[in-house]
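To find a chain, count down the sequence lines: A is the first, B the second, and so on, and within it residues start at 1. Only a predicted model underlies this, so the values are computations on that prediction, with no experimental measurement involved.
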Amino acid sequence: MSDSVRVRFAPSPTGPLHIGGVRTALYNYLFARKMGGKFLLRIEDTDQARFVPGAENYILESLAWLGISPDEGVGVGGPHEPYRQSERKDLYKAYADKLLADGKAYYAFDTSEDLDAMRASFESQGSAFQYNSLTRVKLKNSIALAPAEVEQLIASGTPYVIRLKVPAKGEVRFQDSIRDWVHVHTSSIDDKVLMKSDGMPTYHLANVVDDHIMEITHVIRGEEWLPSAPLHILLYQAFGWKAPQFAHLPLLLKPEGNGKLSKRDADLGGFPVFPMEWTDPATGAVSKGFKQEGYLKEATLNFLAFLGWNPGTEQEMFSLTELADAFSLERINKAGAKFDVKKAQWFNEQYIKQQDPAALAADYLPNLPADQGLAFVHLFLDRITFPQELAVKVAEFQARPAIYDEAVLASKWNADALSGLQFIAQALPGVESWEPEGIKHAIHEVLEANGIKMGKVMQILRVALSGNGAGPDLMISMQLWGKAEVIERLATALAKFPAL
RNA sequence: GGUCCGUUCGUCUAGGGGUUAGGACACGUCCCUUUCACGGAUGAAACACGGGUUCGAUUCCCGUACGGACUACCA
């Protein structure tokens, strides 16, 4: 079908990809999959000043980690190569020239300093400067200046930009998939710069030209673009092109307080706002990543998808393919969503339990024999949020108690407990089969024979062996410690526990 | 300041002219368990405010308040 869906994710390589950007990529990907269309990745590197080495690679790796794989674009190629805007530079100039020839754009020679001064003077009078139909006739451009003068300026190499000649009167309207009709008067739109004086296009031009050439049918992007969408509509009109369908996504907000989620929140809240760890090439500063923090890709995806979208059913665990099946633009929310770490952690806990225990053991407890690693995974699976906690739990488990839980001792350490422990210490060496049932049976038997209730000593036994008043199943723990170690620990505790 | 966008439990949200306003996270209680965790059950918890339209508005319209984005030769 000729009008099949084509969407794109078009980040700028100016730093690590923000988690909000990842969500935008995800929604584009999901929509493409749902509609049987194509998902493209285009790199918008038209700002030479803000270019950050490694950022493009970071974007590619982050998307690859999550399985948000482009069908076309940087890294995979396709019929519209190149997909990096810096490599398409000449193209944009040709389109800008066409607008110039049609009288829909004009040259402007005002320097940044000129414009800054203009803005300052307007501001001092309490109003805002706009480069528009009212002011352009008084500024230094090919509308206000005589043709000969313009030619002379260009011939002499005076730097210039190309601006869009926004109509003085009229209304721009478009129907956003998420926000429905949005209308704006052209009088509130600036004569935006299309081509910068360095010969590079601005976002506005490059974006519209590429989306048209690459036959993009739906532009799904962050809400920060909503104010410039009317300008883009105007550009499509100036070129005589059909505008794509727009869908402006709600923003991701700070977990506490107001404002959009930022890098600062990560530092403050101790949670990541980037998909993967990022080391700033200039400062060497390291920012946390979901991946390195221990978030599973399935959990990250599921969590992100639900920030601003929901299936309308009560199902909340969704794989990437299930998300693609259930996804629709209509079910995206309008209001911004606060980032909730607790929910992200909950998703992670759910997905950890779904992992293959043997794989978890191999990946996170590589130094243990496979059967032992597996046993520990089973022991701790329900008690961790991140897989790397496994190794910590195991280390704590294996270390002999340095201190004994004071509170438990204070309330449970008594004559019954003492004799119970002593009986257990006597019985343990005789346990033939050192496995949970056998150990439990032996303890039960010796306590019953001496008229002591299990409940009186079990927690004290736990403290004696592990130092803690709470923890995983004691019988399984004892099996894992091993007979000799348990006997040793019990003897130590008996010697160290306070006299009665 | 201007333009545009938004507002249902603390958070993510369902719903939509007449509902006991539903679910999830977090929180409380109970059950399970020798303990903790997991799991199960249960509780507390919301339609920003003011007008209108209507027999009836949380839902539609208009204001107000609050929040947000944008307002660069950045994207």
Side-chain angles (χ1 to χ4, degrees), chain A residues 10-14 44-47 49-50 85 108 110-112 115-116 119 122-123 126-131 159-163 176 178-179 182-185 187-190 192-204 206-207 221-230 248 250-251 253 255-260 303 306-316 331 333-347 349 353 379-384 405 408 412 440 443-444 453-463 466 468-475:
Chain A
S12 250
T14 53
E44 311 220 325
D45 55 349
T46 54
D47 186 356
R50 292 207 309 158
Q85 288 186 329
D110 320 85
T111 64
S112 298
L115 295 173
D116 285 346
R119 285 189 192 99
F122 268 69
E123 202 171 320
S127 64
F129 170 73
Q130 248 195 318
Y131 209 119
Y160 65 84
V161 300
I162 298 174
R163 285 179 183 273
D176 189 275
I178 296 167
R179 282 148 221 286
V182 174
H183 12 185
V184 174
H185 286 95
S187 61
S188 68
I189 304 173
D190 272 37
K192 284 281 187 248
V193 170
L194 265 21
M195 291 293 293
K196 300 183 259 190
S197 57
D198 66 359
M200 278 290 196
T202 57
Y203 169 86
H204 307 293
N207 186 264
R221 70 215 320 188
E223 193 187 341
E224 68 270 26
W225 292 111
L226 193 53
S228 46
H248 289 94
L251 262 15
L253 273 19
E256 280 162 36
N258 304 321
K260 67 173 179 180
F303 168 68
F306 271 65
L307 239 35
W309 172 88
N310 75 84
T313 66
E314 287 183 359
Q315 182 185 347
E316 44 199 342
R331 293 205 65 86
N333 279 99
K334 292 179 172 71
K338 286 191 179 182
F339 187 95
D340 181 10
V341 210
K342 284 279 176 29
K343 192 88 173 218
Q345 292 177 348
W346 179 80
F347 272 116
E349 287 162 4
K353 289 177 202 164
L379 194 64
F380 295 126
L381 199 58
D382 286 339
R383 336 177 74 90
I384 56 170
D405 191 310
V408 176
K412 300 273 174 69
K440 187 172 186 174
I443 292 176
H444 188 79
K453 291 229 168 69
M454 284 272 274
K456 292 269 187 191
V457 289
M458 292 313 280
Q459 202 180 8
I460 282 296
L461 178 61
R462 172 184 296 284
V463 172
S466 72
N468 302 313
D473 187 278
L474 231 204
M475 300 308 149

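- Contact between the side-chain N/O atoms of A/N310 and the OP1/OP2 oxygens of B/U13 is not found at any separation under 4.0 Å.
- Note on A/V161: a base of the nucleic acid sits closer than 4.0 angstrom, heavy atoms only.
- A donor atom on one side chain and an acceptor atom on the other are not found under 3.5 Å apart for A/R462 and A/N468.
- Distance alone, capped at 3.5 Å, places no donor-acceptor pair between the A/E44 side chain and the A/Q85 backbone.
- As judged by a 4.0 angstrom heavy-atom cut-off over every strand, A/Y203 is placed among the base-contacting residues.
- Taking atom C1' on both nucleotides, B/U13 is separated from B/G40 by 24 Å, rounded to a whole Å.
- Across B/A46 and B/G51, the matching C1' atoms stand 23 Å from one another, rounded to whole Å.
- One atom, CG of A/L253, and another, C1' of B/C5, lie 13 Å apart when rounded to the nearest Å.
- Taking atom CD on A/Q345 and atom P on B/U11, their separation rounds to 18 Å, with Å as the unit.
- Nucleotide B/C25 forms a pair with B/G10, judged by Watson-Crick or G-U wobble geometry with both contacts under 3.5 Å.
- Proximity of A/R119 to the phosphate of B/C73: a side-chain N or O atom is located under 4.0 Å from OP1 or OP2.
- Between the CD atom of A/E223 and the C1' atom of B/C5 there is a distance of 5 Å, given to the nearest Å.
- For the P atoms, the distance linking B/A48 with B/C9 amounts to 7 Å, nearest Å.
- Across every strand in view, B/G1 sits in a pair with B/U71 that passes the Watson-Crick or G-U test at under 3.5 angstrom.
- Not a single donor-acceptor pair under 3.5 Å links the side chain of A/N333 to the backbone N or O of A/A335.
- Taking side-chain N and O atoms only, A/R163 has a distance below 4.0 Å to OP1 or OP2 of B/C73.
- Within the 4.0 angstrom heavy-atom criterion, no nucleotide atom of any strand lies near A/G126.
- Under 4.0 angstrom from either OP1 or OP2 of B/C74 there lies at least one side-chain N or O belonging to A/K196.
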Restricting to nitrogen or oxygen on both sides, can you table the protein-nucleotides 48-50 of chain B pairs closer than 3.5 Å?
none

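- Among the heavy atoms of the strands lying under 4.0 Å from A/S112 is at least one base atom, whether or not backbone atoms are also near.
- Nucleotide B/U53: unpaired (no Watson-Crick or G-U wobble partner with both distances less than 3.5 Å).
- In this model, the phosphate group of B/G39 is approached by a side-chain N or O of A/K353 to a distance below 4.0 Å at OP1 or OP2.
- Base contact: A/A128 has a heavy atom under 4.0 Å from a base atom.
- Using the Watson-Crick or G-U wobble rule with both distances under 3.5 Å, B/G39 pairs with B/C31.
- The same atom, P, is picked in B/U20 and in B/U64; the two are 35 Å apart, to the nearest Å.
- Regarding contacts with the backbone of B/A75, a side-chain N or O of A/T46 is found under 4.0 angstrom from either OP1 or OP2.
- Taking atom P on both nucleotides, B/A14 is separated from B/G23 by 15 Å, rounded to a whole Å.
- In this structure, CD of A/Q85 is placed 9 Å from P of B/A75, rounded to the nearest angstrom.
- At the heavy-atom level, A/K456 lies nowhere under 4.0 Å from the strands shown.
- Ring geometry for A/F339 against A/F303 counts as perpendicular: the plane angle is over 60°, on a 0 to 90° scale with 30° as the lower cut.
- Side-chain nitrogen and oxygen atoms of A/K338 include none within less than 4.0 Å of the OP1 or OP2 phosphate oxygen of B/C25.
- Proximity note for A/V193 (side chain, C-beta onward) versus B/A69, B/A24, B/C73: the nearest is B/C73.
- Across all strands, A/G471 comes closer than 4.0 Å to base atoms (heavy-atom distances).
- Atoms NE2 and CG, on A/H204 and A/D190 in that order, are 9.5 Å from each other to the nearest 0.5 Å.
- The shortest distance between the side-chain N/O atoms of A/R179 and the OP1/OP2 oxygens of B/A69 is not below 4.0 Å.
- For NZ of A/K196, the number of neighbouring non-hydrogen atoms (other residues, nucleotides, ligands) closer than 6.0 Å is greater than 12.
- Across all strands shown, nothing is found opposite B/A46 as a Watson-Crick or G-U wobble partner with both distances under 3.5 Å.
- Of the candidates B/U34, B/G23, B/C38, B/C38 carries the atom nearest the A/D382 side chain, counting heavy atoms from C-beta on.
- The residue A/D190 sits apart from the nucleic acid: no heavy atom pair falls under 4.0 Å.
- The base of B/A24 lies close enough to the side chain of A/K343 for a donor and an acceptor atom to sit less than 3.5 Å apart.
- Remark: C1' of B/C5 and NZ of A/K334 are 11 Å apart, rounded to the nearest angstrom.
- Residue-level contact check: A/L461 touches neither bases nor backbone, having no heavy atom under 4.0 Å from any strand.
- The environment of NE2 in A/H183 is crowded: more than 12 heavy-atom neighbours from other residues, nucleotides or ligands sit within 6.0 Å.
- Counting non-hydrogen atoms of other residues, nucleotides and ligands closer than 6.0 Å to NZ of A/K353 gives a total above 12.
- Salt-bridge annotation for A/R50 and A/D47: present, with a side-chain N of the basic residue lying under 4.0 Å from a carboxylate O of the acidic one.
- Expressed to the nearest 0.5 Å, how far NZ of A/K440 lies from CE of A/M458 amounts to 7.5 Å.
- In this structure, A/N468 reaches neither bases nor backbone, as no heavy-atom distance under 4.0 Å exists between it and the strands shown.
- Distance CE (A/M195) to P (B/A75): 12 Å, rounded to an integer number of Å.
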